[in-house]
Amino acid sequence: MSVVAIPTRRHPGVRPPARPRTSPTLTITLDLVPGPLSPRLARLVQLLGELAESGEGQLRAVEEPVSGPRPAPRPAAPPAAPDHVRILAGSRMVRQGDRVIALTRIEYELLLFLAERPRRVFTRLQLLSSVWGYEHAVARTVDVHVRRLRAKLAGSEVVTTVYGVGYRLADEAPISVDHSS
């Protein structure tokens, strides 16, 4: 069955609609209680994030001001272990223990992309599309950047190769992402 949509004709002297038509919007609001998420709710949040990553939507966390006493500030972080990798997303810096690791823009984006998506395997083409922003390149470009990233983060097993598939963040990767800095 074929369906043909024919737009209506405007008559002379008729004003256009007050607001233009926009694409449909679905807003999902989750009111969360403090503490860890239940496994089902965590899976829902993960699926919504994957949908947003695919370019089909946008995921925003909105925090409403809480009336009442403010929570106590967090204590200062203990000194980092020498092999712990810390990504400071606000300043785009990467620290390993006490030293700053100089990464190129692509190495930084690759590390951040994998760190924000643990336990997921990405093919070279998926990484080219998501990190580099294009797919028309030699897939082995990813291999070169992973090798350089591993060399700069010597002592920390961060990126794991899944043979025949691609790359993922190592299960025991000593890594954390700090979005506040």
Side-chain angles (χ1 to χ4, degrees), residues 28 30 32 35-63 74-181:
I28 299 174
L30 301 174
L32 305 173
L37 299 176
S38 69
R40 292 173 61 191
L41 189 56
R43 178 69 180 141
L44 175 64
V45 171
Q46 179 186 8
L47 288 172
L48 290 171
E50 289 175 12
L51 185 63
E53 285 173 17
S54 70
E56 296 183 44
Q58 179 180 0
L59 183 64
R60 287 184 288 145
V62 178
E63 296 189 23
R74 290 186 291 178
D83 64 339
H84 182 81
V85 177
R86 187 168 173 222
I87 302 173
L88 307 172
S91 59
R92 296 184 61 88
M93 288 179 51
V94 176
R95 299 179 76 81
Q96 185 178 29
D98 293 331
R99 69 185 181 112
V100 175
I101 306 295
L103 298 178
T104 65
R105 180 185 64 83
I106 292 294
E107 290 166 348
Y108 172 83
E109 294 292 334
L110 177 62
L111 181 62
L112 182 64
F113 183 82
L114 292 173
E116 289 179 334
R117 295 156 185 85
R119 295 178 298 281
R120 286 192 56 199
V121 179
F122 296 95
T123 66
R124 290 172 181 87
L125 291 177
Q126 286 175 320
L127 289 172
L128 278 172
S129 176
S130 299
V131 177
W132 277 257
Y134 52 87
E135 299 171 359
H136 305 291
V138 178
R140 296 297 176 175
T141 302
V142 177
D143 298 344
V144 172
H145 284 83
V146 167
R147 183 174 46 238
R148 290 179 184 165
L149 186 59
R150 285 175 174 160
K152 290 180 180 182
L153 297 173
S156 297
E157 287 297 320
V158 176
V159 181
T160 300
T161 302
V162 179
Y163 293 98
V165 181
Y167 296 100
R168 67 189 291 259
L169 188 72
D171 287 332
E172 304 300 323
I175 192 167
S176 61
V177 180
D178 185 1
H179 288 282
S180 63
S181 305

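Along the sequence shown, residues are numbered consecutively beginning with 1.
Interatomic distance, CG of Leu127 versus CG of Leu114, reported as 6.0 Å (0.5 Å rounding). A distance of 9.0 Å separates OG1 of Thr104 from CG of Leu110, quoted to the nearest 0.5 Å. The CG atom of Leu111 lies 6.0 Å from the CG atom of Leu153; values are rounded to the nearest 0.5 Å. The distance from atom CZ of Arg117 to atom CD of Gln126, rounded to the nearest 0.5 Å, is 11.0 Å. The distance from atom OH of Tyr108 to atom CE of Met93, rounded to the nearest 0.5 Å, is 10.5 Å. One finds the CD atom of Glu157 at 7.0 Å from the CZ atom of Arg150 (value rounded to the nearest 0.5 Å).
The shortest non-hydrogen separation linking Ala115 to Ile87 is CB-CD1, 3.9 Å. When all heavy atoms of Lys152 and Gln96 are compared, the closest pair comes out as O-OE1, 4.1 Å.
Arg148 has no carboxylate O lying under 4.0 Å from a charged side-chain N of Glu107, or vice versa, which leaves the two without a salt bridge. Ionic pairing of Glu109 and Arg92 is present here: one or more N-O contacts between side-chain nitrogen and carboxylate oxygen are shorter than 4.0 angstrom.
The shortest distance between side-chain heavy atoms of Val158 and Val85 falls below 4.5 Å. Side-chain atoms of Phe113 and Ser130, non-hydrogen and from C-beta on, do get closer than 4.5 Å to each other.
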Apply side-chain contact (heavy atoms from CB on, under 4.5 Å) to the pair Val162 and Tyr167, showing each step before the final yes or no.
CA-CA 6 Å; Val162 179; Tyr167 296 100; over 6 Å; no
Dump the intermediate steps for side-chain contact (heavy atoms from CB on, under 4.5 Å) on Asp171 and Arg119, then the final yes or no.
CA-CA 7 Å; Asp171 287 332; Arg119 295 178 298 281; 4.1 Å; yes
Check against side-chain contact (heavy atoms from CB on, under 4.5 Å), Trp132 and His145:
CA-CA 11 Å; Trp132 277 257; His145 284 83; 3.5 Å; yes
